[in-house]
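For reference, the structure is listed below as structure tokens.
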Amino acid sequence: MELHQLRYLVAVAEEGGFTRAAAREHVAQPGISAQIARLERELGHVLFDRSARGVRPTPAGEAVLPHARAALAAVAAVRDTADELAGLVRGRVSVGMVRGGGVVDLPGLLGDFHRTHPGVEIRLVEAATDALLDGLRHHDLDLAWVGRHGDPPADLDVDVVLDVPLVAVLPPGNPLGDTVTVADLAEHPVITLPRGAGVRAALDSAAEDARIVLTPALEAGSPVVLLDLAVQGLGVAIVPEPAVAGRDDVRVAPLVPEVRARIDLARRRDAPLSPAARALLARAREWIA
């Protein structure tokens with residue numbers, strides 16, 4: 001039994017066929033088939049049901065798959081440990097950022113990390129919080145900056161990156177005063193982030209508490225764009241307070257009662273991080289501090 005046979009076993013199971021597994025592993029399809037056949041002879045069991053409907057693991061295949069994955073993970077852990085002992089951090093780290101999270105200087109953090117660890121490949125995706133949480137749970141992401149309203153998910157560990165009040169950015173000539181209630185917003189066009197952003201979840205929850213229905217007139221994925229739309233007189237923009245820092249072209253009013261939005265740095269609780277992900281988490285914590 002050889003490691004590449006276990007790798008091919010997992011690839012065929014996950015890709016649902018020998019041809020796709022061969023493409024994933026960058027080998028010829030007959031080579032994959034031959035190695036799986038050798039493994040089946042050695043184990044004395046047929047591992048895949050090869051039918052016209054596709055390739056699926058047999059009960060024996062399903063039984064050995066977890067052990068194959070564990071063996072491959074153990075080999076990766078050996079390599080990671082050796083790298084760490086040698087003072088190296090290399091590999092790949094996949095991170096996610098919630099849409100509308102531009103108030104967090106993620107480009108600056110990733111740039112700083114890249115200069116320190118140029119051998120690490122960084123993958124970045126931007127999505128709604130729910131999609132990012134799914135990415136963490138399905139091991140597609142190592143770390144994710146997610147919006148939060150309410151308690152953090154019980155199956156994830158989080159560091160609070162940002163916990164700030166929301167403010168209303170008033171268009172020129174708007175009659176609202178120095179403070180704005182959520183109920184006031186029902187009488188004016190509202191500009192906000194799309195559903196899936198932590199700011200939007202906090203605003204929707206506050207509207208529900210106030211027993212009003214908010215139907216935003218405009219939505220955009222960046223707080224900066226929301227501010228610019230408000231300056232053009234298109235409505236009242238709801239943004240995190242840090243988004244208005246340095247803007248002298250806007251009139252800002254706090255929401256009362258206070259509505260807060262949070263961004264957390266989240267990762268799985270049930271699986272250890274790779275050395276690259278641990279190094280990025282440590283650097284992110286320095287930035288948070």
Side-chain angles (χ1 to χ4, degrees), residues 93-113 122 124-136 141-169 180 182 190-207 209 216 219-228 230 236-247 250 252-269 273 277 280-289:
V93 59
S94 296
V95 300
M97 167 57 81
V98 64
R99 291 189 183 121
V103 290
V104 176
D105 184 19
L106 186 58
L109 168 61
L110 295 182
D112 179 71
F113 179 77
I122 302 171
L124 173 64
V125 299
E126 185 182 47
T129 286
D130 289 348
L132 296 178
L133 295 179
D134 286 342
L136 289 173
L141 296 174
D142 299 302
L143 304 169
W145 281 255
V146 298
R148 173 165 64 92
H149 177 68
D151 295 330
D155 59 335
L156 301 176
D157 287 325
V158 303
D159 289 278
V160 178
V161 178
L162 204 65
D163 183 352
V164 296
L166 300 184
V167 296
V169 179
V180 174
V182 175
V190 173
I191 308 170
T192 184
L193 295 170
R195 292 191 185 277
V199 167
R200 178 63 179 273
L203 179 62
D204 287 347
S205 178
D209 291 342
E219 296 179 351
S222 165
V224 173
V225 174
L226 300 183
L227 293 176
D228 291 341
V236 178
I238 306 300
V239 299
E241 187 177 48
V244 301
R247 294 284 299 247
V250 297
V252 179
L255 291 178
V256 290
E258 185 178 70
V259 181
R260 301 189 72 85
R262 298 174 179 85
I263 291 181
D264 290 340
L265 174 53
R267 63 267 179 204
R268 294 182 301 276
R269 179 171 293 174
L273 292 172
L280 179 56
L281 175 61
R283 184 59 56 87
R285 284 173 166 166
E286 293 175 6
W287 278 60
I288 294 170

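Computation of the quantities below employed the complete heavy-atom set of this structure, encompassing side-chain atoms and omitting hydrogens, waters and symmetry-equivalent molecules. Nothing fancy with the numbering, it's 1 onward along the sequence. Owing to the predicted nature of the structure, the values given are computational and were not obtained by experimental measurement.
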[X] and [Y]: which non-hydrogen atoms are nearest, and at how many Å?
{"X": "Leu141", "Y": "Val125", "value": "CD2-CG2, 3.7 Å"}
{"X": "Val199", "Y": "Ala261", "value": "CG2-CB, 3.9 Å"}
{"X": "Leu226", "Y": "Ala237", "value": "O-CB, 3.5 Å"}
{"X": "Val164", "Y": "Pro240", "value": "CG2-CB, 3.8 Å"}
{"X": "Arg267", "Y": "Arg285", "value": "NH2-NH2, 2.7 Å"}
{"X": "Val180", "Y": "Ala253", "value": "CG2-CB, 3.8 Å"}

Requested in this report: Run the numbers on Val252 and Glu241 for side chain to side chain contact (heavy atoms under 4.5 Å, CB included), then give the verdict.
Outcome: CA-CA 9 Å; Val252 179; Glu241 187 177 48; over 6 Å; no
Requested in this report: Start with the C-alpha distance between Leu203 and Val259, add both sets of side-chain angles, then the distance that settles side chain to side chain contact (heavy atoms under 4.5 Å, CB included), and finish with yes or no.
Outcome: CA-CA 7 Å; Leu203 179 62; Val259 181; 5.6 Å; no
Please report the interatomic distance [atom1]([X]) to [atom2]([Y]), rounded to the nearest 0.5 Å.
{"X": "Met97", "Y": "Leu109", "atom1": "CE", "atom2": "CG", "result": "9.0 Å"}
{"X": "Leu110", "Y": "Asp105", "atom1": "CG", "atom2": "CG", "result": "9.0 Å"}
{"X": "Asp142", "Y": "Leu280", "atom1": "CG", "atom2": "CG", "result": "8.5 Å"}
{"X": "Ile191", "Y": "Glu219", "atom1": "CD1", "atom2": "CD", "result": "11.0 Å"}

Report task. Show your working on side chain to side chain contact (heavy atoms under 4.5 Å, CB included) between Leu162 and Trp145 and close with a plain yes or no. Result -> CA-CA 10 Å; Leu162 204 65; Trp145 281 255; over 6 Å; no
In terms of side-chain geometry, is the basic nitrogen of [X] or [Y] positioned less than 4.0 Å from the acidic oxygen of its partner?
{"X": "Arg262", "Y": "Asp163", "value": "yes"}
{"X": "Arg247", "Y": "Asp228", "value": "yes"}
{"X": "Asp157", "Y": "Arg269", "value": "yes"}

Would you be so kind as to tabulate the donor-acceptor pairs closer than 3.5 Å made by side chains of residues 129-136, with sequence neighbours excluded?
unit_1, atom_1, unit_2, atom_2, d
Thr129, OG1, Gly147, N, 2.9
Thr129, OG1, Gly147, O, 3.4
Thr129, OG1, Gly196, O, 3.3

Query raised in the report: Are the side chains of Asp264 and Leu156 in touch, meaning some heavy atoms are under 4.5 Å apart?
Result: no
